[in-house]
**Q** 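Pasting in a structure now, in structure tokens, and then I'll have a few things to ask.
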Amino acid sequence: WSDRYERRQDLEGRDYFWLGGRLEDGDEDEDADQRAVREGYAAITPALLDMTDYETIKALGSWRIPNLVT
């Protein structure tokens with residue numbers, strides 16, 4: 001993908017950024033998303049976004065705070 005960011009405003013006048021772009025040719029692998037899209041299929045990529053700081057959770061476990069759940 002060739003990424004392009006657009007600054008937009010919501011109904012309250014707050015700025016946000018919209019990620020757009022266009023698909024570029026390149027990967028001809030049989031399982032490539034680009035090939036599937038070019039041939040009229042939907043490309044679905046399961047993804048997770050886990051921003052949990054597990055190291056800090058471990059460190060908090062050493063704090064002596066009553067009723068702290070870790």
Side-chain angles (χ1 to χ4, degrees):
W1 285 94
S2 173
D3 296 339
R4 186 183 79 229
Y5 296 91
E6 297 176 18
R7 181 182 294 220
R8 296 184 179 185
Q9 286 190 335
D10 66 15
L11 297 176
E12 301 291 325
R14 296 174 295 209
D15 288 335
Y16 70 94
F17 292 89
W18 184 264
L19 173 59
R22 62 183 169 82
L23 184 63
E24 295 183 350
D25 289 334
D27 197 345
E28 292 298 323
D29 183 39
E30 182 176 307
D31 295 328
D33 289 350
Q34 293 92 329
R35 184 172 178 178
V37 170
R38 187 174 49 254
E39 292 178 4
Y41 296 95
I44 300 171
T45 305
L48 296 173
L49 178 61
D50 183 355
M51 296 175 58
T52 305
D53 184 345
Y54 293 99
E55 292 300 315
T56 299
I57 290 174
K58 288 179 188 175
L60 290 174
S62 68
W63 293 11
R64 299 203 183 273
I65 300 173
N67 302 320
L68 178 65
V69 178
T70 57

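No experiment lies behind these values; they were computed from the predicted model shown.
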**Q** Apply side-chain contact (heavy atoms from CB on, under 4.5 Å) to L11 and list each qualifying residue two or more places apart in sequence or on a separate chain.
**A**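 For L11, no residue satisfies side-chain contact (heavy atoms from CB on, under 4.5 Å) once neighbours in sequence are set aside.
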**Q** If the condition is side chain to side chain donor-acceptor pair (under 3.5 Å), which residues does D10 pass it with, not counting sequence neighbours?
**A**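 Counting only residues at least two positions away or on another chain, D10 forms a side chain to side chain donor-acceptor pair (under 3.5 Å) with R14.
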**Q** Between CD of E6 and OH of Y16, what distance do you get to the nearest 0.5 Å?
**A**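 Reported to 0.5 Å precision, the distance equals 9.0 Å.
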**Q** Who pairs with S62 by side chain to side chain donor-acceptor pair (under 3.5 Å), at least two apart in sequence or on another chain?
**A**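 Listed in chain order: nothing, the list is empty.
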**Q** Y54: which residues meet the side chain to side chain donor-acceptor pair (under 3.5 Å) condition with it, sequence neighbours left out?
**A**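 Per chain and number, Y54 pairs via side chain to side chain donor-acceptor pair (under 3.5 Å) with D50.
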**Q** Suppose we screen for side chain to side chain donor-acceptor pair (under 3.5 Å). Which residues come up paired with Q9, at least two apart in sequence or across chains?
**A**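 So Q9 forms a side chain to side chain donor-acceptor pair (under 3.5 Å) with D15.
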**Q** Can you list the other members of the hydrophobic cluster that holds Y41, where links are side-chain heavy atoms under 4.5 angstrom apart?
**A**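 Y41 clusters with nothing; isolated.
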**Q** Taking only residues two or more places apart in sequence, or in another chain, which ones meet E12 in a salt bridge (Lys or Arg N to Asp or Glu O under 4.0 Å)?
**A**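 E12: no salt bridge (Lys or Arg N to Asp or Glu O under 4.0 Å) contacts found.
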**Q** Holding to side-chain contact (heavy atoms from CB on, under 4.5 Å), I want the full list of residues that pass it with A59, two or more places apart in sequence or in another chain.
**A**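 Not a single residue meets the side-chain contact (heavy atoms from CB on, under 4.5 Å) criterion with A59.
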**Q** Any pair with a residue in residues 53-63 that passes salt bridge (Lys or Arg N to Asp or Glu O under 4.0 Å), sequence neighbours left out, goes on the list, sorted by first then second residue, please.
**A**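 Salt bridge (Lys or Arg N to Asp or Glu O under 4.0 Å) check on residues 53-63 returns E55-K58.
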**Q** In the hydrophobic clustering (ILVMFWY, side-chain contacts below 4.5 Å, transitive), which residues join Y5, or is it alone?
**A**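 Members other than Y5 - counting any ILVMFWY side chain reachable under 4.5 Å - are L19.
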**Q** Find the distance between OG1 (T45) and CG (D33) and round it off to the nearest 0.5 Å.
**A**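 The CG atom of D33 is 4.0 Å from OG1 of T45, to the nearest 0.5 Å.
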**Q** Is the count of non-hydrogen atoms from other residues, nucleotides or ligands lying under 6.0 Å from R8 atom CZ greater than 12?
**A**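 Correct, the count exceeds 12.
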